[in-house]
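Quick notes on the structure that follows.
A, B, ... follow the sequence lines: proteins, then strands. Residue 1 opens every chain.
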Amino acid sequence: MELSDLEKVRFEKINALRAMGVEPYPTRANPTHSAADAVRAFEAAEASANGESLPVVAVTLAGRLRSMRAMGKITFAHIEDGSGRVQLFMRVNDIGEDGMKLFADYFDLGDFIEAAGEMFRTRTGEITLKVTAFSMLAKALSPLPAAKDEVVDGQVVRHATLTDPEVRYRQRYADLAVNPEVRQIFRTRAAVVRAIREFLDDRDFLEVETPILQPIYGGAAAKPFVTHHNQLKQDLYLRISFELYLKRLLVGGYERVYEIGRDFRNEGVSFKHNPEFTQLEFYCAYADYQKVMKLTEEMIGHVCDKVLGTRQVEFNGHTIDFSGPWKRLDLRQALIDTVGIDIDQHLTGESLEAAIRAKGIQVKPGSPRGKLIDGLLGDYIEPTLIQPTFLYDYPRDISPLAKNRPNDPGTVERFEGFVGGMELCNAFTELNDPLEQEARFKEMGRAYEADDEERHPMDEDYLQAMSYGMPPNGGFGMGIDRLVMLLTDRRTIREVLLFPHLRGREEE
RNA sequence: GGGCGCGUAGCUCAAUGGUAGAGCAGUGGCCUUUUAAGCCAUUGGUUAAGGGUUCGAGCCCCUUCGCGCUCACCA
């Protein structure tokens with residue numbers, strides 16, 4: 001490990017501590033209180049004292065040194081643990097000349113330490129630990145990349161800190177250590193997942209785990225990552241969705257199933273795409289897409305209540321209102337309103353392409369009808385859908401797993417939910433006719449050239465499962481990362497992933 | 001993958017083509033109620049890497065690497 005000048009100074013302190021018989025990385029710590037508990041205990045003591053003399057509140061705290069103000073014969077510092085910060089007060093009267101010197105010479109910002117003493121209030125009123133004993137728990141060799149911060153009305157204000165996004169993502173541990181609001185994002189994220197589980201568990205959904213390594217991938221249109229099992233001499237794919245496995249379980253007799261887990265898609269990285277991302281999918285027997293819309297509204301509302309305590313969500317300068325039913329927009333009508341094209345009047349790719357060009361919009365020549373519609377949707381409708389909106393009734397040729405609308409062969413019962421100008425979820429009345437499903441797979445196969453990476457293999461076993469009888473059902477998929485973006489007001493998916501994907505860096 | 005922008009001390013940032021700087025952090029002092037503590041002094045740079053133009057390059061040109069934004073791609 002190459003040491004910087006600052007690190008060399010600390011390295012020498014480690015050696016010096018060992019030389020004087022002090023272990024800089026001791027095996028055990030023995031805190032009695034968290035920072036927050038110590039403050040609460042002192043406040044309780046004050047409340048009970050009632051003008052009488054205060055009972056002694058003796059505590060031992062463990063945490064990271066976050067500030068130091070040495071003033072000769074006294075020193076102030078702050079110690080921070082997972083619950084918050086407490087000020088430390090050290091005085092030569094209490095810990096002696098040796099103690100003052102040990103702290104001043106060998107303890108640095110970022111070190112984990114233990115401090116014991118009694119709680120009191122300083123002249124300025126801050127609840128503080130008057131230290132009578134302290135020790136090193138873990139010496140920080142590298143200085144944390146933060147300069148200084150202050151506490152104003154209980155809020156930590158940093159005057160200079162780590163902001164370079166590259167360092168923040170590559171060294172997320174340092175980002176988390178110095179930026180408390182980043183720590184909060186991932187607490188919120190955990191609360192979101194917890195609330196979803198709670199909602200679905202309460203409605204008799206069974207949480208399951210299905211294979212991540214799959215011999216045949218499917219359930220979405222995406223390029224997979226490929227890997228190989230050596231002993232079996234078999235290529236395997238990292239799943240791009242859970243859909244086909246979860247629906248097999250409906251055949252097996254579980255009527256409501258869900259899975260929260262990682263999907264992998266070998267595609268571009270953007271503010272809303274990461275090669276691996278967290279997905280929720282659920283399938284509900286005897287439901288159709290209308291029921292799934294209602295379930296979606298309830299579930300997102302429940303998550304807002306649990307995580308934020310309100311259904312008004314601030315995102316990207318907008319106040320998004322999850323308190324009522326989501327707006328419902330017919331995809332065909334929405335396209336008539338926004339681009340002035342009625343897709344029902346253009347039932348072939350050629351015809352639709354001509355209509356789009358007539359509007360002065362550039363498109364890739366020879367695109368299939370479904371892709372053209374999806375393109376219009378993405379360019380002209382999606383960015384305008386700030387408030388929660390269900391766009392429904394999609395073209396059949398881009399929805400091979402969805403059931404047709406009755407008496408409308410070109411359209412399927414599918415919706416996508418949009419919030420904040422971003423696609424959040426995708427759902428449909430699931431196709432459960434095995435012969436129809438086989439025909440759809442074959443249609444899809446024809447739509448791609450033989451060497452197209454997005455061409456999907458036929459999943460015969462899935463058809464076999466469906467042949468045993470699959471109950472009618474409604475299915476749902478949602479990007480958890482995007483929901484967390486909404487609820488934490490972050491514009492990029494990297495901010496809600498602990499370790500987002502970054503390009504590899506050459507070793508030095 | 002394309003376009004645009006960025007990369008300077010540990011962190012946050014300066015520097016007309018003309019001696020690479022500041023604040024904080026660090027180091028050495030002073031200081032018994034501070035909280036961005038204060039005061040005095042002081043260390044620290046392969047200006048992302050490599051090449052070129054020039055009397056002279058952090059700055060101009062080329063290549064590479066990384067990051068950001070954006071476009072394309074993404075049922």
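Evaluation of the side-chain hydrogen bond (donor to acceptor under 3.5 Å, both in side chains) rule for A:T122 yields A:T124 as partners, not counting sequence neighbours. Residues passing the side chain to side chain contact (heavy atoms under 4.5 Å, CB included) test with A:C425 are A:T296, A:F415, A:F476, A:M478, sequence neighbours excluded. With sequence neighbours excluded, no residue satisfies side-chain hydrogen bond (donor to acceptor under 3.5 Å, both in side chains) with A:D374. Applying the side chain to side chain contact (heavy atoms under 4.5 Å, CB included) rule to A:V182 yields the partners A:R168, A:R172, A:D175, A:L176, A:N179, A:F186; only residues at least two apart in sequence or on another chain are considered. In this view, A:K8 and A:L3, A:D5 satisfy the side chain to side chain contact (heavy atoms under 4.5 Å, CB included) rule, not counting sequence neighbours.
Within residues 411-428 of chain A, the residues that have a heavy atom under 4.0 Å from RNA chain B are, in order of number, A:R414.
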What are the atom names and distances for every N/O pair under 3.5 Å that joins the protein to nucleotides 29-33 of chain B?
from  : atom 1 : to     : atom 2 : distance (Å)
B:C31 : N3     : A:G72  : N      : 3.2
B:C31 : N4     : A:G72  : N      : 3.2
B:U32 : OP2    : A:K73  : N      : 3.3
B:U32 : N3     : A:N93  : OD1    : 3.2
B:U32 : O4     : A:N93  : OD1    : 3.1
B:U33 : O2     : A:R123 : N      : 3.1

Review item, nucleotides 3-5 of chain B N/O atoms under 3.5 Å of protein N/O:
none

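Sorted by first and then second residue, the salt bridge (Lys or Arg N to Asp or Glu O under 4.0 Å) pairs with a member in residues 120-133 of chain A read A:E46-A:R121; sequence neighbours excluded. Among pairs with a residue in residues 110-133 of chain A, those fulfilling ring-ring contact (aromatic ring centres under 6.0 Å, His included) read A:F89-A:F120, at least two apart in sequence or across chains. Judged as a salt bridge (Lys or Arg N to Asp or Glu O under 4.0 Å), the pairs with a partner in residues 415-431 of chain A (not counting sequence neighbours) are, in order, A:K247-A:E430, A:R414-A:E416.
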Report task. At under 4.0 Å between heavy atoms, which parts of nucleotides 43-48 of chain B does protein reach? Answer with one letter per nucleotide, 5' to 3': B base, S sugar-phosphate only, - none. Result -> -S----

